Amino acid sequence: MKKCPSCGYENPNNDIRCPECGSFYSKIIEAIEEIVSDEEKHSLRGRYQRIINAANKKAAFNEEWQAVKAGIDKQGWFVIFVIFVFVFWLIAIVL
Ligand SMILES: [Zn+2]
């Protein structure tokens with residue numbers, strides 16, 4: 001029997017979450033859950049969801065694109081540059 005630290009509900013099962021108020025019994029699980037939701041926020045799916053749910057889709061897309069651009073470091077831009085040059089080089093050979 002676990003007692004909820006938030007509401008005091010006594011849970012007979014071995015759940016990680018209180019069925020009464022939804023708070024976690026373990027601080028570690030809570031921390032993991034927080035990290036996962038943070039990852040979700042920064043994932044492509046999270047961005048896509050925010051754009052889809054936004055009233056002004058164009059503005060939301062611009063905002064997310066700015067965030068993505070800000071997140072790409074020097075090495076990231078170099079990789080993009082190399083890929084771009086490689087593709088260009090392939091096209092030049094074919095033509
Ligand atoms: Zn509770």
Side-chain angles (χ1 to χ4, degrees):
M1 182 92 72
K2 284 178 180 171
K3 202 173 172 184
C4 177
S6 298
C7 68
Y9 177 82
E10 285 186 2
N11 190 357
N13 304 314
N14 249 358
D15 295 338
I16 54 163
R17 212 166 188 172
C18 174
E20 271 298 296
C21 68
S23 70
F24 291 96
Y25 293 121
S26 166
K27 280 278 161 203
I28 297 162
I29 291 162
E30 201 173 338
I32 291 168
E33 189 84 356
E34 222 162 85
I35 291 164
V36 167
S37 72
D38 204 53
E39 290 272 308
E40 175 84 20
K41 228 162 54 189
H42 289 99
S43 72
L44 233 72
R45 210 173 65 130
R47 291 188 195 286
Y48 179 74
Q49 289 284 329
R50 274 204 301 278
I51 293 166
I52 291 300
N53 292 330
N56 189 343
K57 286 182 176 51
K58 205 178 165 194
F61 177 79
N62 266 326
E63 209 171 283
E64 296 298 334
W65 172 237
Q66 292 300 326
V68 169
K69 266 204 313 202
I72 299 170
D73 55 4
K74 259 188 181 160
Q75 207 186 343
W77 281 116
F78 182 71
V79 169
I80 290 167
F81 176 74
V82 168
I83 291 166
F84 182 77
V85 168
F86 182 70
V87 169
F88 196 77
W89 178 71
L90 272 180
I91 291 166
I93 284 177
V94 170
L95 296 175

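Worth saying up front: this structure is predicted, and the values here are computed from it rather than measured. Whatever order the structure lists them in is the order used to number ligands and atoms, beginning at 1.
- Other residues, nucleotides and ligands contribute only 12 or fewer heavy atoms inside 6.0 Å of the CD atom of E39.
- Listed for the R17 side chain is a donor-acceptor partner under 3.5 Å among the backbone atoms of G22.
- Annotation for A67 and R47: closest pair CB-NH1, 3.7 Å, computed over non-hydrogen atoms.
- Protein N/O/S atoms closer than 2.8 Å to the Zn ion (ligand 1): C4 SG, C7 SG, C18 SG, C21 SG.
- Both I80 and W65 are part of a single hydrophobic cluster, where members link through side-chain heavy atoms under 4.5 Å apart.
- Around the CD atom of E63, the shell of radius 6.0 Å holds no more than 12 heavy atoms that belong to other residues, nucleotides or ligands.
- I72 and F81 are assigned to two separate hydrophobic clusters, defined by single-linkage of ILVMFWY side chains at heavy-atom distances under 4.5 Å.
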